[in-house]
Amino acid sequence: MEYVGLADCNNFFVSCERVFRPDLWNKPVVVLSSNDGAIVARSEEVKKLGVPMGVPYFKVRDVFEKNQVAVFSSNYELYRDMSNRVMEVLAEELGEIEQYSVDESFFRMDVKDIAVAEQELFWLRETVRKQVGIPMSFGLAPTKTIAKYASEKEKRGSGVCLMTKEEWLKQADQVLLSELWGVGGAMSQKFRAQGLSSVKDLLSADPSRIERLYGVYGKKLLAEVSGDQSRSQSIHDDLPKSIMSTRGFSKTTTDFSVLAEALAYHVSKAAEELREKKGVAGKVSALILTNRHSDWVLRGGGKEAILPQATNDTRLLLKEVLRLAKEVYEPGVPYKKAGVVLGFIKPDSVGQVSLFGEDAMENERLMEAIDGLNKKIGPDSVTIGRAKLKSGWSNRHDHRSPRYTTSWNELPRVS
DNA sequence: TCTGGGGTCCTAGGACCC
DNA sequence: TCTGGGGTCCTAGGACCC
């Protein structure tokens, strides 16, 4: 029988830091968001201190000092690189995987013997730990939602949980809807209002009532928790629907040239990813936003444009983004964040190039050369326009670890 | 003083047409 | 005094995820 699996890295950002700081295993560690604003990853020890995900750093700084918590600014370059290494090992052993986030992938597995399947996953878990150094959890079940639940369940145990439909249904009255993937605060409140709190409640309700009350959402959730694998959605997506790059500034700015510089950076980042995924974008939006905790919340915003011809050319995209941003920009408004979203993404099909003629061929070669150099020398070594991170708007990262794996100057030292 | 960034999917409601 | 209603398309925004 075919099962769906979820492979999940434990406390991923924290684990990445620990790989290069083995002294921190079993010690409390956190990773902060960009600008050192909020907590985005916590080790088990920090979770036990009762520090929730997403709290602003300044609110818990005292607790951290008292408990000698090791604090890291986020080092996304390192995490992306470690993620690629993990995913490579998984793909090698499992075949096709569907990467769901930086630290999770779904996969399929044909299970004939449950014990054998479990052994395989234990072995895979150990392989990743040896080759990359990251601890993982695996869940295997008839549907994605159940697989996710299974992987969570064994996170602090053996790290592998295979859950059959029978086992799932047997414990359905113990599983709260609010614990499920895809059920957040708003939805669990709505469920409670209708007297539905456990998976069993949902399964014993009249399906037509669920669909009437909760629409498409209810229908999908019902299919997922019923454990009927034939109704679980397909596991593979090729291209993302959109690619975005946005970031807040450490200080607000009213200066359009500073915004333009930030937008140039975001366009080059997003376009690089687009090219890496072999896609072209048919829609582009520019965002310039104000501080959402200030009186300027309602000012600023975004504007989007459909492109006459889908492209992944940084220069064409940038021209459009700057035009859009100028339309949104108002002098005197303090902007806190800028970003770019690429949409209507389609595969960069063969033959499309000829539509543009010689110029496009030139551009394509240029883009390839830039991406190649950046991969070789280090990210952002070569940029277009003024796309480098500069002090005027770039982020704060007082506690960033070295870029051990992606920057020649920051390799780990062995002594 | 300081509150992430990158995604997906769905729905309500406005604009427009007949 | 009367001031439709049904379709379609688009966008903003909500909810959720990591």
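Reminder, nothing fancy here: chain letters follow the sequence lines and each chain counts from 1.
- Using a 4.0 Å heavy-atom distance criterion, Glu273(A) is classed as a sugar-phosphate-only contact.
- Using a 4.0 Å heavy-atom cutoff across all strands shown, Val216(A) reaches sugar-phosphate atoms only and no base atom.
- Met53(A) places its CE atom 17 Å from the P atom of dT3(B), with the value rounded to the nearest Å.
- Checked by atom type and distance alone, the side chain of Gln99(A) pairs as donor or acceptor with a backbone atom of Ser101(A) at under 3.5 Å.
- In this structure, CZ of Phe12(A) is placed 21 Å from P of dG4(B), rounded to the nearest angstrom.
- Within 4.0 Å (heavy atoms only), Ile243(A) reaches sugar-phosphate atoms of the nucleic acid but no base atom.
- For the pair Arg108(A) and Phe106(A), the cation does not sit on the ring face, since its NZ or CZ is not both under 6.0 Å from the ring centre and inside 45° of the axis.
- Counting non-hydrogen atoms under 4.0 angstrom, Tyr57(A) reaches nothing in the nucleic acid.
- If you take NZ of Lys269(A) and P of dG4(B), they are 21 Å apart, rounded to a whole angstrom.
- In this structure, Tyr265(A) atom OH and dG6(B) atom C1' are separated by 13 Å, rounded to whole Å.
- Here Ser242(A) reaches the OP1 or OP2 of dT8(B): one of its side-chain N or O atoms lies under 4.0 Å away.
- Whole-Å rounding puts the Asp62(A) CG to dC2(B) C1' distance at 14 Å.
- For Tyr214(A) and Phe191(A), the distance between ring centers is under 6.0 angstrom.
- With a 6.0 Å cutoff to the six-membered ring centre and a 45° limit on the axis angle, Lys336(A) does not count as a cation-pi contact of Phe249(A).
- Put simply, Lys336(A) has a side-chain N or O that comes within less than 4.0 Å of OP1 or OP2 on dT3(B).
- When the C1' atom is compared between dG4(C) and dC16(B), the two are found 15 Å apart, to the nearest whole Å.
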I'd like to compare against my own output: the B/S/- annotation of nucleotides 9-18 of chain C with a strict under-4.0 Å heavy-atom distance to protein. --S---SSSS
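- For the atom pair Ser105(A) OG and Tyr100(A) OH, the distance stands at 11.5 Å (nearest 0.5 Å).
- Nucleotide dG6(B) holds its C1' atom 15 Å from the CG atom of Leu274(A), rounded to whole Å.
- Trp168(A) places a side-chain heavy atom less than 4.5 Å from the side chain of Val199(A).
- Using a 4.0 Å heavy-atom cutoff across all strands shown, Ser245(A) reaches sugar-phosphate atoms only and no base atom.
- Residue-level contact check: Lys219(A) touches neither bases nor backbone, having no heavy atom under 4.0 Å from any strand.
- Side chain of Tyr217(A) to backbone of Gly182(A): a donor-acceptor contact under 3.5 angstrom is found.
- Taken to the nearest 0.5 Å, the CZ atom of Arg18(A) stands 4.5 Å off from the OG atom of Ser43(A).
- Between Met244(A) and Tyr76(A), the residue anchored nearer the 5' end of DNA chain B, judged by the nucleotide with its closest heavy atom, is Tyr76(A).
- The nucleotide dC18(B) finds its pairing partner in dG5(C), both defining distances of the Watson-Crick or G-U wobble pair being shorter than 3.5 Å.
- For the pair Gln99(A) CD and dG6(B) P, the computed distance is 16 Å after rounding to whole Å.
- Atoms NZ (Lys59(A)) and C1' (dT3(B)) sit 8 Å apart, rounded to a whole Å.
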